[in-house]
Amino acid sequence: MDRKIEVSQEGHLLLGGCDAVKLAKQYGTPLYVMDETAVREAMRAYRQSIEEFYGGRGLICYASKAFACKEIYRIADEEGLGADVVSGGELYTALKAGFPAEKLVFHGNNKTDAELKMALENGVGRIVADSIEEVEGLSALAAELGCEAPILLRVTPGIDAHTHEFIRTGQIDSKFGLTLETGEAMEGVKKALALPSVRLLGLHCHIGSQIMDAAPFIHAGEVMMGFIAEIKAQTGVTLAELNLGGGFGIRYHEGDDPIAYAAYMAEVSEAIRKTADAKGIPTPFILMEPGRSIVGEAGTTLYTVGRRKEIPGVRTYISVDGGMSDNPRYILYQAKYDFLLANRAADRADETVTVAGKCCESGDLLGEGVSLPHAGPGDILAVCCTGAYNYSMASNYNRNPIPPVVMVRDGESRVIVKGQRYEDLIQYDV
Ligand SMILES: *Cc1c(COP(=O)(O)O)cnc(C)c1O
């Protein structure tokens with residue numbers, strides 16, 4: 001593992017200046033640890049790039065599905081970000097955290113009427129309509145409520161972003177959005193412009209996730225700008241906003257090599273400006289929706305090692321006290337992580353093991369071919385880069401309680417999400 005980590009004199013992993021072994025003792029394991037400074041720095045890097053490359057004519061919306069709880073919405077708000085929500089539950093959490101509704105963007109390919117009503121009643125700033133039916137439904141609903149629905153139209157630009165099949169969303173065969181090639185997107189635009197109770201602010205696209213280079217984003221930006229020009233030619237209307245989605249990759253493991261946000265923003269903004277000039281349209285207000293790249297690398301999960309099972313000539317299993325219930329990303333897409341022993345963070349790896357969870361599924365692993373120092377019962381295993389799509393995807397499978405989330409900063413720690421207790425597990429049972 002060649003990740004930069006901080007290690008104390010005792011050889012313990014430090015997270016946000018806190019001794020990870022002490023955190024494990026104080027809060028128990030499994031434990032999600034989030035480094036507040038890393039989260040805020042990532043948010044600032046995005047915000048600064050909007051200032052630098054678009055003269056501030058844009059809004060970074062944290063895609064909260066990556067990690068949603070009240071505190072992260074408060075932090076995003078403090079850092080001047082907007083936020084994406086994709087369900088009534090995320091919307092509710094954001095509103096309860098005091099997040100300004102006008103800076104929320106509401107997504108989803110199948111939002112329910114109740115969710116749309118909740119968004120309109122609370123004054124959500126942008127609703128991303130995913131189909132012509134939704135545009136029609138929104139117009140009817142807004143008319144009923146005596147308001148206007150501010151919408152962006154989600155377009156599938158037909159870009160293959162070379163990432164894992166399940167997290168690729170910009171190509172034609174996707175459950176999301178209105179297809180550009182078939183003319184469906186243009187039909188949707190015309191419908192939205194004609195309906196009385198929707199206000200079409202602009203367009204949205206999101207081409208995938210964990211994308212490592214700028215090329216597919218640039219391509220998507222150019223395609224979308226071309227479409228804005230085509231809309232102007234056909235209807236006379238110049239749409240003012242372009243939401244380029246999220247999907248920026250992070251460094252989970254050696255071999256993952258994402259470019260820096262600033263370099264990406266420089267290239268994309270250049271492409272947008274050039275296309276705008278070439279097509280004779282103004283540069284739009286830009287929205288971007290990073291999720292993983294804001295919280296992913298800030299998170300670490302701590303586990304206690306339990307059983308060690310050596311199968312001679314086959315492999316060695318190291319089992320920990322969590323697994324797919326707190327991190328389903330391995331069983332979902334064989335996601336790769338970096339691992340280390342938090343209590344012997346400076347030790348050299350001397351064996352290759354399979355890290356297994358405690359759930360009753362053979363596929364419940366956290367990693368295979370993992371290099372670690374010889375690990376046994378009582379060692380504290382740290383899994384790096386678990387800030388995104390871990391807590392937010394956690395479940396109570398096997399009735400494992402969902403672990404707490406602790407925020408660390410400058411040597412201090414505080415709980416931002418309480419861990420579940422057994423009695424919480426039965427609170428809805430009758
Ligand atoms: C998931 C998603 C994002 C965030 O993706 P990341 O890969 O976490 O950056 C942004 N926008 C939309 C519409 C999404 O579905």
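Just follow the structure's listing: the first ligand is 1, and inside any ligand the first atom is 1. Quantities reported herein were computed from a predicted structural model and do not represent experimental measurements.
- Contact atoms of ligand 1 toward R154: 13 (C) (distance under 4.0 Å to a heavy atom of the residue).
- Atoms of ligand 1 found under 4.0 Å from any heavy atom of H204, numbered from 1 in the order shown, are 13 (C).
- Taking every heavy atom of both residues into account, R126 and E102 meet most closely at NH1-O, 4.1 Å.
- Ring geometry for Y337 against F339 counts as perpendicular: the plane angle is over 60°, on a 0 to 90° scale with 30° as the lower cut.
- A tilted orientation is assigned to the rings of Y264 and F248, their planes being inclined by 30° to 60°.
- Nearest heavy-atom pair across S413 and Y27 is OG-OH, 2.7 Å.
- Atoms of ligand 1 lying under 4.0 Å from any heavy atom of A63, numbered from 1 in the order shown and given with element: 3 (C), 4 (C), 10 (C).
- Distances between N or O atoms of P290 and those of ligand 1 include no value under 3.5 Å.
- No more than 12 heavy atoms of other residues, nucleotides or ligands shown are found within 6.0 angstrom of NE2 on H219.
- Around CD of Q26, the count of heavy atoms belonging to other residues, nucleotides or ligands within 6.0 Å exceeds 12.
- Geometrically, ligand 1 and K65 share a nitrogen or oxygen pair separated by less than 3.5 Å.
- With a heavy-atom cut-off of 4.0 Å, M288 does not touch ligand 1 at all.
- Distances below 4.0 Å separate heavy atoms of E289 from the following atoms of ligand 1: 3 (C), 4 (C), 9 (O), 10 (C), 11 (N), 12 (C), 13 (C).
- Of the N or O atoms in S209, one or more lie within a sub-3.5 Å distance of an N or O in ligand 1.
- Counting heavy atoms closer than 4.0 Å to ligand 1, residue D84 contributes side-chain atoms (C-beta onward) but none from N, CA, C or O.
- Screening Y62, Y32, Y389 for a side-chain contact (heavy atoms from CB on, under 4.5 Å) with F67, the sole residue that qualifies is Y62.
- For ligand 1, the atoms closer than 4.0 angstrom to any heavy atom of Y389 are 1 (C), 4 (C), 5 (O), 6 (P), 8 (O).
- When heavy-atom distances to ligand 1 are checked against a 4.0 Å cut-off, R292 comes that close through both its backbone and its side chain.
- Between G177, S64, G247, G249, it is G247 that holds the heavy atom closest to atom 6 (P) of ligand 1.
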